[in-house]
Each structure stands twice: as C-alpha cells, then as structure tokens.
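Notes to accompany the following structure.
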Amino acid sequence: MDSLTVRISRDRIIFVSYDRLRNLLPDYVVYTNNPDISLNANLHQAIKGTALAQQNYQFVDIFADEPTLLVPLKEFEEEDAVDMYYFNYPSLRERTRVYYDTLPYLNTLLLFCVDRDVVNTLSDYFPVAKFHSHLTALLRQWVGRYPFSLIQPRMYAYLCEGRLTLVVVSEGKFRFANTYNVHNPADSLYFVSAIAQRFGISAGGERVYVSGFGTAARRLADGMGKINLEAFFMDDVEELSRHPVANIDDFPYDLKVHLLKAY
C-alpha cells in the first residue's frame, strides 16, 4: 500500500488505502469528529489513533470540504489566485490557505481553501500530501457525462453532510456552481428552485440530477415535485456499475467517484 486518501469534513475524517487495480475493496477507517474540539485537534487524535494513517506512503491525497470558486482558465493568474479567492470569501482570509485543482478539458480551475493549522498538521505527518477539493472528482464526472449536443441546461444537486452543492452545465460548459449550508429539506428546495428559475429549468425539460450521502439526497429528489421540477436520483451503486466500493455506506459519493476514477 503506497497511497493514502484522507477526506476531511466537519463531521468525519476518513482514511482510505486502495489500489483499485489489485483489490476490489479498500482498507479504511472512519473517525467521527468530536464537536467540542477544533478540527485540527480532531485530526491529531484521528491520525494518532489510526494505524492505517501511521504507515509510510509515497502518495497522499487530502480532500477538503471547504468553499470553492470556479475560475475560467483564460482569466486565471496564479499570483492573483489568493486575492481572487478571498475577494469572494473575505472571512476566511486570516485562517486558511488557498489551493486549486485543474479541471481538464473544461478550461476551468477550482479554487478552495484549507485551514492553516490543518495544513501544517497534515504536512508534518504526510510531507508528500497534495490537497484537493472534495468536489473535483464530481465536477469532472458531471461535465464529462453531459451530452455536448444538448442545449438545455442541466442541474446537478449534491447534498452531503449539511451542504448542498448546485452545478448547472450546458453544451459541456459550466454555467453555475455554488454550495449552501442547509438545515432542513425546505432549505434545499428553496435553493434548487431559485437556481432553476434563473437558468430556465422547468418541468418538461431537463431533470435535476440528485446525489449525495445518507438519506437526505433521496428525500430531496422525492420532494422536487413540490417546486414543480422532475428529479433523477443518482443511486451510487447504479451509477458506479455495482462496484463493491459503491456499496460502502460509510463513503460519500464524491469519495467513491475519486477512488474509482469514475470520470
């Protein structure tokens, strides 16, 4: 095992070691965060208490659940990335560090941030660590599967651990992407309805493609009729060709997509 994937969110930290060319199932550990201490303190405890995280790895990918910003490649200058990101998220400037993922064939970069203390901790434990957004694999998959010949906009809704990400694409290009904190199903329906109206998505046109983690995404899909939209629920197992990894209930869909390189 020479590679490790670490997915960090406010609720959990997941450690995964997986060679998809050799094994059907990964080795993994899920650490549930203690809400009474900081994310960095949880990270220290998780690593020290997880044998899987204490081995030597040649490759370590860290996936962070933080706000993102899409920037067209033609408008991107690396020296301006930090100011561009914090212009949109000024409250994060004092405690985070900015990174970006490249979205191939999309002419787009995805900017995101990671807490500075978390970066320092992970860099100490894993000097080869590379940081990514947990949305990167999903965005590559969604746009990659979109039929370029269709003109009507399509919306993807991803509901995971209290955050709703909405992405709109048409003709193989990004039109919109944003993430919202949600507290109940009505919040999700409100955001979906507002963005659908903005892009002219309505009943009888493209369905809203819904995926996520746990039961919340299914409830969101089932409730689309309340806002006069049709939904298609993207079941993990079906979408990932019934691969054994798709059946791991502990993994959110974005992690499964990354592990299986399903894009």
Side-chain angles (χ1 to χ4, degrees), residues 65-76 84-85 87-89 100-112 132-182 185-213 216-236 239 252-254 256-258 262-263:
D65 180 17
E66 297 292 351
T68 58
L69 177 68
L70 290 170
V71 179
L73 184 60
K74 64 181 180 180
E75 298 178 11
F76 179 78
M84 186 180 298
Y85 182 85
F87 177 81
N88 289 271
Y89 301 106
Y100 65 86
D101 282 334
T102 302
L103 303 177
Y105 311 113
L106 305 179
N107 294 319
T108 304
L109 291 100
L110 180 70
L111 275 63
F112 62 98
H132 309 276
S133 168
H134 78 290
L135 289 178
T136 296
L138 286 181
L139 292 174
R140 289 173 176 172
Q141 185 203 40
W142 289 339
V143 176
R145 65 181 282 164
Y146 186 83
F148 279 67
S149 60
L150 294 182
I151 298 176
Q152 287 186 320
R154 172 180 292 179
M155 180 190 294
Y156 290 96
Y158 186 59
L159 184 55
C160 180
E161 296 176 309
R163 287 183 176 174
L164 173 70
T165 296
L166 300 179
V167 173
V168 178
V169 295
S170 64
E171 299 180 270
K173 298 179 181 180
F174 284 120
R175 300 304 181 191
F176 175 86
N178 204 0
T179 298
Y180 308 89
N181 291 322
V182 296
D187 292 342
S188 297
L189 290 173
Y190 169 80
F191 291 123
V192 170
S193 177
I195 302 307
Q197 290 182 29
R198 174 176 171 182
F199 288 94
I201 299 172
S202 59
E206 271 286 329
R207 294 175 293 179
V208 178
Y209 287 70
V210 181
S211 59
F213 177 66
R218 172 73 75 173
R219 292 199 303 271
L220 173 60
D222 291 343
M224 286 290 179
K226 296 178 181 179
I227 54 174
N228 198 33
L229 290 175
E230 298 178 21
F232 176 81
F233 180 71
M234 301 172 67
D235 180 79
D236 294 15
E239 290 294 317
Y253 185 52
D254 60 88
K256 296 175 183 179
V257 171
H258 164 70
Y263 44 81

Between [atom1] of [X] and [atom2] of [Y], what distance do you get to the nearest 0.5 Å?
X	Y	atom1	atom2	value
L73	T102	CG	OG1	7.5 Å
E239	Y209	CD	OH	9.0 Å
D101	T108	CG	OG1	12.5 Å
Y156	F232	OH	CZ	10.0 Å
F76	M84	CZ	CE	7.0 Å
L111	N88	CG	CG	9.0 Å

Atom pairs and distances, donor-acceptor, side-chain atoms in residues 157-169, under 3.5 Å, two or more places apart:
from	atom 1	to	atom 2	distance (Å)
Y158	OH	Y253	N	3.3
Y158	OH	D254	N	3.0
Y158	OH	D254	OD2	2.6
E161	OE1	R7	NH1	3.1
E161	OE1	S9	OG	3.1
E161	OE2	S9	OG	3.2
E161	OE2	R12	NE	3.3
R163	NE	N181	OD1	3.3
R163	NH1	D65	O	2.6
R163	NH1	D65	OD1	3.1
T165	OG1	T179	OG1	2.8

Point to revise | Contact list for residues 223-235, test side chain to side chain donor-acceptor pair (under 3.5 Å), sequence neighbours left out | key: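 Qualifying pairs, neighbours excluded: none.
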
For [X] versus [Y], what's the shortest heavy-atom pair and its separation?
X	Y	answer
S170	R175	OG-NE, 2.8 Å
V210	A217	CG1-O, 3.4 Å
F176	F199	CB-CZ, 3.3 Å
S202	L229	CA-CD2, 3.7 Å
A196	M155	N-CE, 3.4 Å

Check your understanding: salt bridge (charged side-chain N to carboxylate O under 4.0 Å, His left out) with D236: which residues, sequence neighbours excluded?
Key ->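 D236 satisfies salt bridge (charged side-chain N to carboxylate O under 4.0 Å, His left out) with K256 only.
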
Show which side-chain atoms of residues 185-194 pair as donor or acceptor with protein atoms under 3.5 Å away, not counting sequence neighbours.
from	atom 1	to	atom 2	distance (Å)
D187	OD2	H183	N	2.9
D187	OD2	N184	N	3.4
S193	OG	Q197	NE2	3.3

Exercise for review: For F233, enumerate each residue passing the ring pair (Phe, Tyr, Trp, His ring centres under 6.0 Å) test, keeping only those at least two apart in sequence or located in another chain.
Suggested key: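 Ring pair (Phe, Tyr, Trp, His ring centres under 6.0 Å) list for F233, sorted by chain: empty.
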
Practice item. Only counting residues at least two apart or in another chain, list the ones meeting ring pair (Phe, Tyr, Trp, His ring centres under 6.0 Å) with Y85. Key: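 Listed in chain order: Y89.
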
Point to revise | Residue pair L103 / F174, side-chain heavy-atom distance below 4.5 Å | key: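 Yes - at least one pair of side-chain heavy atoms lies under 4.5 Å apart.
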
